[in-house]
Amino acid sequence: MFARGLKRKCVGHEEDVEGALAGLKTVSSYSLQRQSLLDMSLVKLQLCHMLVEPNLCRSVLIANTVRQIQEEMTQDGTWCAVAPQAAGRAPLDRLVSTEILCRAAWEQEGAHPAPGLGNGHTQGPVSDLCPVTSAQAPRHPQSSVWEMDGPRENRGSFHKSLDQIFETLETKNPSCMEELFSDVDSPYYDLDTVLTGMMAGARPGPCEGLEGLAAATPGPSSSCKSDLGELDHVVEILVET
Amino acid sequence: AGGGCCCCGLFWYRDSSPKPHLVNRFCILLAADVISTVEFNYSGDLLATGDKGGRVVIFQREQENKSRPHSRGEYNVYSTFQSHEPEFDYLKSLEIEEKINKIRWLPQQNAAHFLLSTNDKTIKLWKISERDKRAEGYNLKDEDGRLRDPFRITALRVPILKPMDLMVEASPRRIFANAHTYHINSISVNSDHETYLSADDLRINLWHLEITDRSFNIVDIKPANMEELTEVITAAEFHPHQCNVFVYSSSKGTIRLCDMRSSALCDRHSKFFEEPEDPSSRSFFSEIISSISDVKFSHSGRYMMTRDYLSVKVWDLNMESRPVETHQVHEYLRSKLCSLYENDCIFDKFECCWNGSDSAIMTGSYNNFFRMFDRDTRRDVTLEASRESSKPRASLKPRKVCTGGKRKKDEISVDSLDFNKKILHTAWHPADNVIAVAATNNLYIFQDKIN
């Protein structure tokens, strides 16, 4: 599933570098696509139908996929301190073609099938590439994509987000989805709000304005109306852009 | 809500060549709504469909009629009724869809027909009965139903029964509600004809057909902490003969067989069916495509069939370690799993069915294709349910998907497949070679005419 152990030809330094660069491309291409799959999955988990309960089977399968990716990234040491909010707001333009991920491990260029062998391979591709010190070599791929951070801590914060997803699914309150990555208690929107479809505008998305709206929790009853006015305003802005 | 019927007049015949020709006997158009379930009754004379709008339409097979020889075997609309209405759960601020998820017939015990239909939350027992006589000559009311003034009645008469045009009435006899927190995906009538099970994502309940105010919970896989949830129930079915045995499938590609005699709560399975994973084909989508969307016992009760995203597997109940047969439905989609994940098609739940003799199985695919596998001859065929491909008095041409390289004439390339045209629901007559195929909002009925 992951390109480990890049092949090296016994032909000369230049070709070594080329081989390494090609391997690097494969590796970072895989990483990018894996990240894209992760982003796509998180977006899918957030988007739930406003009025109808989300399909639990689908949500569980997507969440399991996210966990799988996260586990692999943790093993590789590529899991980073991406704040859940940022992960949730991953812009859709980062969704690149993830076809490479469909290929079985043995099809990956220069790779060997190695599912779940994190413990046997403490050295990831990062260390394999370390010897490439030529000035022509691109910068460490990791640092260009995201920051490094301790895997354990990130696992904790990631799991928390995933847990919140399932709490949401359990309570089946659609307004909870919007509070997914915030610490604010979920509000109880009154029926009018739901029926007039105003909650559609309050769904989380890659837009800054809505995040601010989500944080401003309306009170339990009549203060919804003032927020509806603000929501109108935000929706107008979105429509105009 | 419209409905039309057109007769294409094609026949399915087995001639001297080994390949069976499937032809279109009828194409019945239901323009109203997306069909969500299709089910023959025990005799095959009735075919029920449920749709996204909560309606049930029942078709009846015409009996042999000398004056209309071509109408033999024709299915015509018998009854239409609104089974479920949309509801609103005020506590959770969520809508409950009226879409009919499943219909299951009860075995016929008298002149009336009974079926169970369910949406996400509520199961209903419907009685469908015929009325072809009405009483005339009442004393206390006149012909249009108005009450007569008692003082004006000077003579008594005995009402007499007179024939009338056949009227088919559907009435709800039982409503089994409030027993499922999660969405009901399966119902299955027991061979004792007195009980049935209903399954949602996390629980399975056992009901008695006469009792609506309580049910027994027989399977519960809800974790104490919902954060630990990684697996859901996807389908469940009673054994066709052993009334204490049922199976349920999961989103992780496993099937558990349970015996209700062993304990009241069947959380411990009697048998556990799982095929070991092939490590060389593992990907991020392995689990999703292993999720079982349907499980069906064979009529004999010796085998069961499961449908996952790319294949259909036949299991011998005596062997838990692996299936005895695996049939690829559309293996060419394996390299497209990412796109299918992106557009959510990877979560489509395809059903599967056996023929009456368990010698063949059928399941749907995309582009209005459906697949039939002959277990004896090991042959399979891809056919298309569409009006364009059906010509009168000709056999349906088998279709072929081109997976790579040069596309031959009449082949269709994978990238040209229409993933919006999915055949999720198919049904096979319990005895004859008649199949019903639901293609979105159209119902196709294919028949066999042996020369």
Side-chain angles (χ1 to χ4, degrees), chain A residues 1 33-34 36-38 40-41 44 49-53 55-69 72 95 97-107 113-116 159-160 162-175 188-191 193-195 199, chain B residues 86 88-97 99 120-121 181-183 185 200-202 222-223 225-235 250-252 277-293 309 333-342 344 346-349:
Chain A
M1 207 154 45
Q33 290 174 2
R34 181 178 61 182
S36 175
L37 183 64
L38 178 63
M40 193 199 311
S41 302
K44 278 181 183 301
H49 301 285
M50 178 178 81
L51 284 179
V52 182
E53 285 178 81
N55 184 324
L56 186 63
C57 181
R58 175 181 173 273
S59 304
V60 166
L61 289 172
I62 297 172
N64 289 352
T65 306
V66 168
R67 274 200 198 96
Q68 256 188 292
I69 297 172
E72 190 183 273
L95 295 177
S97 164
T98 47
E99 204 191 324
I100 194 171
L101 294 168
C102 300
R103 296 189 220 146
W106 60 269
E107 286 176 343
H159 264 235
K160 183 165 181 282
L162 209 52
D163 295 344
Q164 279 173 318
I165 290 168
F166 281 116
E167 273 169 29
T168 306
L169 293 172
E170 162 138 67
T171 57
K172 293 177 186 56
N173 184 342
S175 64
Y188 181 80
Y189 288 100
D190 73 316
L191 201 56
T193 315
V194 172
L195 291 177
M199 282 183 60
Chain B
F88 198 84
D89 182 336
Y90 289 92
L91 202 61
K92 297 175 187 167
S93 295
L94 289 170
E95 206 177 78
I96 299 168
E97 284 188 308
K99 175 170 70 90
D120 284 339
K121 299 283 186 181
T181 309
Y182 303 96
H183 291 178
N185 52 54
D200 66 29
D201 296 311
L202 298 178
K222 183 180 173 188
N225 194 349
M226 273 297 269
E227 298 154 16
E228 292 160 9
L229 180 66
T230 56
E231 190 174 12
V232 301
I233 296 169
T234 52
S250 84
S251 55
K252 286 197 171 174
E277 192 183 12
D278 175 12
S280 67
S281 65
R282 176 143 183 78
S283 76
F284 282 122
F285 305 108
S286 294
E287 185 185 307
I288 299 178
I289 63 170
S290 76
S291 175
I292 291 171
S293 51
Y309 191 62
L333 295 183
R334 193 178 286 273
S335 59
K336 307 283 175 190
L337 291 178
C338 280
S339 313
L340 296 165
Y341 179 75
E342 196 170 354
D344 267 11
I346 207 173
F347 302 109
D348 285 336
K349 292 191 189 297

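So you know, we letter chains A, B, ... as the sequences are listed, proteins then strands, and number each from 1. These numbers were taken from a predicted model, which means no experiment stands behind them.
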Q) Atom CZ of Arg58(A) and atom CD1 of Ile288(B): how far apart are they, to the nearest 0.5 Å? A)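 One finds 9.5 Å between CZ of Arg58(A) and CD1 of Ile288(B).
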
Measure [X] against the heavy atoms of chain A and call it side chain, backbone, both or neither at under 4.5 Å.
X: Asp344(B); value: both
X: Leu202(B); value: side chain
X: Ser251(B); value: both

Q: With side chain to side chain contact (heavy atoms under 4.5 Å, CB included) as the test, would you mind laying out the steps for Tyr341(B) and Leu61(A) before giving the verdict?
A: CA-CA 11 Å; Tyr341(B) 179 75; Leu61(A) 289 172; over 6 Å; no

Q: Kindly indicate, with the supporting measurements, whether the criterion side chain to side chain contact (heavy atoms under 4.5 Å, CB included) is fulfilled by Leu229(B) and Leu56(A).
A: CA-CA 10 Å; Leu229(B) 180 66; Leu56(A) 186 63; 4.1 Å; yes

Q. Could you go step by step and tell me if Gln68(A) and Ser286(B) meet the side chain to side chain contact (heavy atoms under 4.5 Å, CB included) rule?
A. CA-CA 11 Å; Gln68(A) 256 188 292; Ser286(B) 294; 5.9 Å; no

**Q.** side chain to side chain contact (heavy atoms under 4.5 Å, CB included) between Cys57(A) and Phe347(B), intermediate numbers included
**A.** CA-CA 9 Å; Cys57(A) 181; Phe347(B) 302 109; over 6 Å; no

Q | Heavy-atom closest pair, residues Glu342(B) and Lys44(A) | A |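 For Glu342(B) and Lys44(A), the tightest heavy-atom pair comes out as O-NZ, 2.9 Å.
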
Q) Can you name the nearest heavy-atom pair linking Thr65(A) to Phe284(B), along with the distance? A)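 What the structure gives for the nearest pair is CG2-O, 3.9 Å.
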
